[in-house]
Amino acid sequence: MSRKRFIFHAELCIACHACEVACKTWRNPENGIKYRRIESEESGRFPDVCVQYRTVGCLHCEKPLCMKACPVNAIKKINSGSVIVNEEKCIGCRKCLNACPWNIPCFGKNGKMRKCDMCEKIIPEAMKYPCVKACPTGAFQIVIDDDL
């Protein structure tokens, strides 16, 4: 069985926001919802200051804490490796947000949880991963692991 996962190489990221824009363009979530975002972290002291960027979105964890925290089993990890949300089952309790160490779950106007699903739901296979395809430096990639 194959499982997909994202990998990120911070040293290659130029903070162009292409992954964020591609996700927003293809997924078209309501205003205020971002499945992927660019964050920065500053370190050092003048004049030796360093800024490092990272793309932030669901990591599709092997053992998702959000899934474990959901009282109505609205979150599941499917065979491909993606962690997906059944918005119809979601009761909007936000326990998934409290459980996620990366503060990833978003909540729409309807109060239901939303997040990256690796484009499992709406994008044809040939067009998948627009966030990865948009990255001009290869900092953000998708890897498929084959379990033996």
Side-chain angles (χ1 to χ4, degrees), residues 1-43 49-70 72-146:
M1 174 187 324
S2 296
R3 290 198 175 233
K4 301 174 288 190
R5 62 186 171 89
F6 290 126
I7 59 171
F8 177 67
H9 303 283
E11 69 279 5
L12 297 176
C13 183
I14 58 172
C16 66
H17 295 262
C19 57
E20 185 178 325
V21 171
C23 178
K24 189 89 170 160
T25 301
W26 278 95
R27 297 306 304 264
N28 195 27
E30 66 189 64
N31 286 339
I33 299 288
K34 287 185 178 181
Y35 299 145
R36 179 145 311 279
R37 63 187 185 271
I38 298 296
E39 292 183 351
S40 64
E41 183 176 324
E42 298 173 4
S43 61
V49 178
C50 179
V51 178
Q52 191 166 39
Y53 302 100
R54 65 184 165 274
T55 182
V56 179
C58 183
L59 298 175
H60 301 276
C61 302
E62 190 59 36
K63 295 179 182 173
L65 297 175
C66 60
M67 184 175 78
K68 187 175 179 183
C70 182
V72 294
N73 298 317
I75 305 167
K76 68 178 182 176
K77 186 164 184 83
I78 60 176
N79 287 340
S80 68
S82 300
V83 176
I84 61 170
V85 180
N86 180 336
E87 279 189 53
E88 301 209 0
K89 288 176 88 175
C90 177
I91 59 173
C93 68
R94 298 183 181 238
K95 289 183 179 181
C96 54
L97 179 60
N98 294 334
C100 178
W102 298 277
N103 201 32
I104 297 301
C106 303
F107 295 85
K109 291 178 187 171
N110 66 1
K112 307 290 182 137
M113 195 268 258
R114 298 172 184 180
K115 62 168 207 59
C116 167
D117 63 5
M118 288 189 167
C119 295
E120 289 285 348
K121 295 181 181 177
I122 64 164
I123 298 179
E125 193 66 38
M127 301 298 287
K128 282 201 175 167
Y129 322 117
C131 55
V132 171
K133 289 179 180 181
C135 182
T137 63
F140 190 47
Q141 300 174 356
I142 189 99
V143 173
I144 300 174
D145 294 321
D146 291 317

> Of all the heavy-atom pairs spanning F140 and V132, show the shortest one and how long it is.
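In terms of heavy atoms, the two residues are closest at O-CG1, 3.5 Å.
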> Apply side chain to side chain contact (heavy atoms under 4.5 Å, CB included) to the pair H60 and R3, showing each step before the final yes or no.
CA-CA 10 Å; H60 301 276; R3 290 198 175 233; over 6 Å; no
> Nearest 0.5 Å, please: how far is SG in C66 from NZ in K95?
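The NZ atom of K95 sits 14.0 Å away from the SG atom of C66.
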> Is it the case that the side chain of S82 and the backbone of I78 share a donor-acceptor pair, with hydrogens and angles ignored and the cut-off at 3.5 Å?
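Checked: no pair found.
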> Would you find a donor on one side and an acceptor on the other, under 3.5 Å apart, between the side chain of Q52 and the backbone of A10?
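Side chain of Q52 to backbone of A10, a donor-acceptor pair under 3.5 Å: no, none is there.
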> More than 12 heavy atoms of other residues, nucleotides or ligands under 6.0 Å from CD of E88: yes or no?
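No, because the 6.0 Å sphere around CD of E88 holds 12 heavy atoms or fewer from other groups.
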> Taking all non-hydrogen atoms of both residues, which atom of K89 and which atom of N73 are closest, and how far apart?
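Minimum heavy-atom separation between K89 and N73: NZ-O, 3.3 Å.
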> Show the nearest heavy-atom pair for residues C96 and M113, with the distance to one decimal.
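Taking every non-hydrogen atom into account, SG-CG, 3.6 Å.
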> Might you work through the side chain to side chain contact (heavy atoms under 4.5 Å, CB included) test for V85 and D117, ending with a clear yes or no?
CA-CA 8 Å; V85 180; D117 63 5; over 6 Å; no
> Quick one: does R27's side chain get under 4.5 Å of I33's, heavy atoms only?
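The answer is no, as the side chains (C-beta and beyond) never meet within the 4.5 Å cut-off.
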> Write down the atom of A134, the atom of A18, and the distance for their closest heavy-atom approach.
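Closest approach of A134 to A18: O-CB, 3.5 Å.
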> More than 12 non-hydrogen atoms from neighbouring residues, nucleotides or ligands closer than 6.0 Å to NZ on K34, yes or no?
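12 or below, so no.
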> Can you name the nearest heavy-atom pair linking K115 to I104, along with the distance?
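Minimum heavy-atom separation between K115 and I104: CB-CG2, 4.4 Å.
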> Could you check R36 against E20 for salt bridge (charged side-chain N to carboxylate O under 4.0 Å, His left out), going step by step and ending with a plain yes or no?
CA-CA 5 Å; R36 179 145 311 279; E20 185 178 325; over 6 Å; no
> Looking at every heavy atom in both N110 and E87, which two are closest together, and how far apart are they?
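Heavy-atom minimum between the residues: ND2-OE1, 3.7 Å.
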